Structures are given as C-alpha cells and as structure tokens.
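Bear in mind the structure is a predicted one, so any value in this text is a computation, not a measurement. All values below come from the heavy atoms of this structure, side chains included, with hydrogens, waters and symmetry mates left out. Naming: A, B, ... by sequence-line order, numbering from 1 per chain.
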There are 2 protein chains.
Amino acid sequence: MSAETHPELTKNQALVFGSLSGAGGPLTAYAILDQLRDDGFRAPLQVYRALDKLVEYGMVHRLESLNAFVACAHTGCAAHGAAAFAICERCGDVSEFTPEKAIDLLRNWTEQQGFRLSRTTIELRGTCKACASSN
Amino acid sequence: MSAETHPELTKNQALVFGSLSGAGGPLTAYAILDQLRDDGFRAPLQVYRALDKLVEYGMVHRLESLNAFVACAHTGCAAHGAAAFAICERCGDVSEFTPEKAIDLLRNWTEQQGFRLSRTTIELRGTCKACASSN
DNA sequence: CCGAGGGCGTTACTTTATAACACAAATACC
DNA sequence: GGTATTTGTGTTATAAAGTAACGCCCTCGG
C-alpha cells in the first residue's frame, strides 16, 4: 500500500469515509450508521467492517477514549505511523498532531524491553484554548 | 496501604481494589463483578462506582484500548500523574511505566497550543519479549 | 435534632461491538 | 472458460460495556 495513493475503496468504505470527512470531527460508529441510512445502511456491521479497513489503510483513526472514529488529518497518514490527539472535553474538538520525539522515546523504551511495538495510542484530554479562555 | 497516600476506602472500593490487585493484570468491570458475586455484588454500577473513585484516587488506571482496569503498579501512583502501558496482544500482559520525557514533550505541545491538559493516555500495543521470542 | 452529602442497592435501559450464516462479486489459477 | 479462493455484503440475533433514575441508609457538622 503506497503512502500517497489511497487504495480503491469499496462503495461502503467510500460512504463511511465521506461521512467522517464531512463531519470535521469524530463520530461514533452508530452516528455514522444514522447518517448513512438513506444510502442503504441498515446494520452496525456495515459500518464496523468499513471502519476496520479504513483504519488499516491509515485513513481513519480510532479514538479509544471516545469510542469514536475520525478521518486522518493528513490525507495519507499511513506514512506517519503514529499520531496523537488532543481532545477538548468542553467542545469536543479534536486536534491531531505527530509528536515524533515523544514517539521516538516511547519506541526506544519498547526496544529496550524487547517489546515489539505495533500500535501507539496517545490521547490527551483537557480544555482547548478557545474553551479555556471563554471561561 | 498507607493512610497518608490513600484515602480510606469504603467496603465496595476495598473489594474492587482487592480484586484488581489480586488479578495481577487488567480486568473488565464485568469480570470484577463476577469475582465479587460471593461478596454480595449484583449490579455493574456497584463496580463502576468503586472504580470511578479508585481511578480518581490514582490507585487504579483505566486502559482505554481494552475497556479494562488495572491496579496501579506504584502503590500511590497519584504522585506520578501520568503513566504509560505496554500491552501484549498475545498473552495480555500489561507493563506500566512512566516515560517522563515523552510526557514532558507532550505537555510542552499542549502548553504551546494553550490547551489545558487534564489527563494523558498512552497505550502501546504489540508483543512482549517473552511472546516474541517464543515464536 | 436534622439536613446535606456520600455511599449503597436495584431495575431498567442505552450504547458499543460481534457472532453466525448466506449470498454476491472480484481475483487467481490452470 | 471453468473453478477455487478471497473479499465484500446484507441480515438477524446477541454479547459486552456503561448509565439513568429512584429510594434508602448512613454519618458528620451545625
């Protein structure tokens, strides 16, 4: 899978990705399902199956602490490998960023332990600038 | 358990903490519930309420990517503030560690953004040394 | 005494995610 | 072309994780 080109998406995958991209923020699988009722979606599995593939392709990230999914901010994130998220608990805004040095340090730790790293989850909860100042 | 670092636990909190401590690894809320049936536990809420407090006290961590909970490895983790976890997907073993430099870098990023950080989740998925070598 | 807050027990419920089964479409291979 | 294999799809049913709402019983400070 090339980092620059997206794989060919199936119809369902394209619908789910479109829904997430259009949202401009994270959506739960069931929220996506509701959005896609008019496109013929009837069951959660249709969404989860598409999401599994999109996550595998690096086009979508799963936010573990929200049980939600978000389109990758980098249109071809697979190259980056790891991403981090700052999640505002007030307004729900999510910022994706790539703290390479921090990730290097974590990877170094795993290598020292003989731990073979496959996936890194970094999620920061708090209050975004806008919400913190509008207090 | 030190009276200085730990608050007085209620009966339910002590039971849940004991269950988690004895497990030597993560447990889901429902697994804890099953373990405590003989102690009179009947409903998930009894577990979740205790867990909420234990997490608040820093004695228990929630593993977001497993929907599970684990007793803090440091008996008084509240001081450390943030922890990271390496989760073996083969044997389920979880190692807690405290990557202070990586956390500092993440905190610096949030400060630059004006993001007020309240909670940090770092979870590494992969294969532990023992499982990787017993291949 | 009493009243406010915290913890507790229970029922019912919502949200999140998978299992199992059957069919269809694309791909691979000779 | 024909056939095996994989991959995607649709559906029903069910499991797993988490919460709302209610009422009761403590206990602690006034």
- request: Kindly point out which of D/dG18, C/dA17, D/dG8 is positioned nearest to the side chain of A/Lys53?
  value: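 Nearest to the side-chain atoms of A/Lys53, counting from C-beta on, is D/dG8.
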task: Give the nucleotide from the list C/dG7, C/dT18, D/dG18 with an atom nearest to the side chain of B/Asn67.
output: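 Of C/dG7, C/dT18, D/dG18, D/dG18 is nearest to the side chain of B/Asn67.
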Round to a whole Å and report the spacing from [atom1] of [X] to [atom2] of [N].
X	N	atom1	atom2	answer
A/Leu51	D/dT9	CG	C1'	15 Å
B/Leu54	C/dG7	CG	P	11 Å
A/Tyr48	D/dT14	OH	C1'	14 Å
B/Gln13	C/dG9	CD	C1'	15 Å
B/Gln46	D/dG18	CD	P	16 Å
A/Asp52	C/dT18	CG	C1'	11 Å
B/Phe69	D/dA16	CZ	C1'	13 Å
A/Leu15	D/dG10	CG	C1'	15 Å

- request: Verify side-chain contact (heavy atoms from CB on, under 4.5 Å) between A/Cys128 and A/Ser95, making sure each step is shown before the conclusion.
  value: CA-CA 9 Å; A/Cys128 74; A/Ser95 302; over 6 Å; no
Residues two or more places apart in sequence or in another chain: which of them pass side chain to side chain donor-acceptor pair (under 3.5 Å) with [X]?
X	value
B/Arg119	B/Glu64
B/Asn12	none
B/Gln35	B/Ser19
B/Asp52	none

- prompt: Between the two ends of the helix from C/dC1-D/dG30 to C/dC30-D/dG1, what is the bend in degrees, rounded to 10 degrees, where each end axis spans five pairs?
  reply: 40°
Give the table of side-chain donor-acceptor pairs shorter than 3.5 Å for residues 100-113 of chain B, with sequence neighbours excluded, one pair per line with atom names and distance.
| from | atom 1 | to | atom 2 | distance (Å) |
| --- | --- | --- | --- | --- |
| B/Asp104 | OD1 | B/Arg107 | NH2 | 2.7 |
| B/Thr110 | OG1 | B/Arg107 | O | 2.6 |

message: Quick check on D/dG18: is either OP1 or OP2 less than 4.0 Å from any side-chain nitrogen or oxygen of B/Arg62?
response: yes
query: Does B/Thr10 put a side-chain nitrogen or oxygen below 4.0 Å from OP1 or OP2 of C/dG6?
result: no
message: Can you list, by chain and residue number, the hydrophobic cluster partners of B/Leu45 when the side-chain cut-off is 4.5 Å?
response: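 So far as hydrophobic clustering goes, B/Leu45 is joined with none.
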field: Letter per nucleotide, 5' to 3', of nucleotides 21-26 of chain D [B base touched, S only sugar-phosphate touched, - untouched; heavy atoms, 4.0 Å]
entry: B-----
Please give me the minimum heavy-atom distance between [X] and [Y], naming the atom from each residue.
X	Y	result
A/Val94	A/Phe85	CG1-CD2, 3.9 Å
A/Pro26	A/Leu66	CG-CD1, 4.3 Å
A/Phe17	A/Ala71	CE1-CB, 4.2 Å

message: Regarding B/Arg125 and A/Thr121, do their side chains bring together a donor and an acceptor under 3.5 Å, going by distance alone?
response: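 Judged by distance alone, the side chains do not pair up.
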Pairwise side-chain contact, A/Phe69 with A/Leu27, heavy-atom cut-off 4.5 Å (strictly under): no
query: Of all of residues 24-33 of chain B, which get a heavy atom below 4.0 angstrom from DNA chain C, listed by number?
result: none
field: Contact residues, residues 34-43 of chain B to DNA chain C [heavy atom, < 4.0 Å]
entry: B/Arg42, B/Ala43
- request: Tell me, please, which residues at least two apart from A/Tyr30 pass ring-ring contact (aromatic ring centres under 6.0 Å, His included).
  value: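 A/Tyr30 satisfies ring-ring contact (aromatic ring centres under 6.0 Å, His included) with no residue once adjacent residues are dropped.
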Residue pairs passing the salt bridge (Lys or Arg N to Asp or Glu O under 4.0 Å) test where at least one lies in residues 29-45 of chain B, sequence neighbours excluded: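 Qualifying pairs, neighbours excluded: B/Asp34-B/Arg37.
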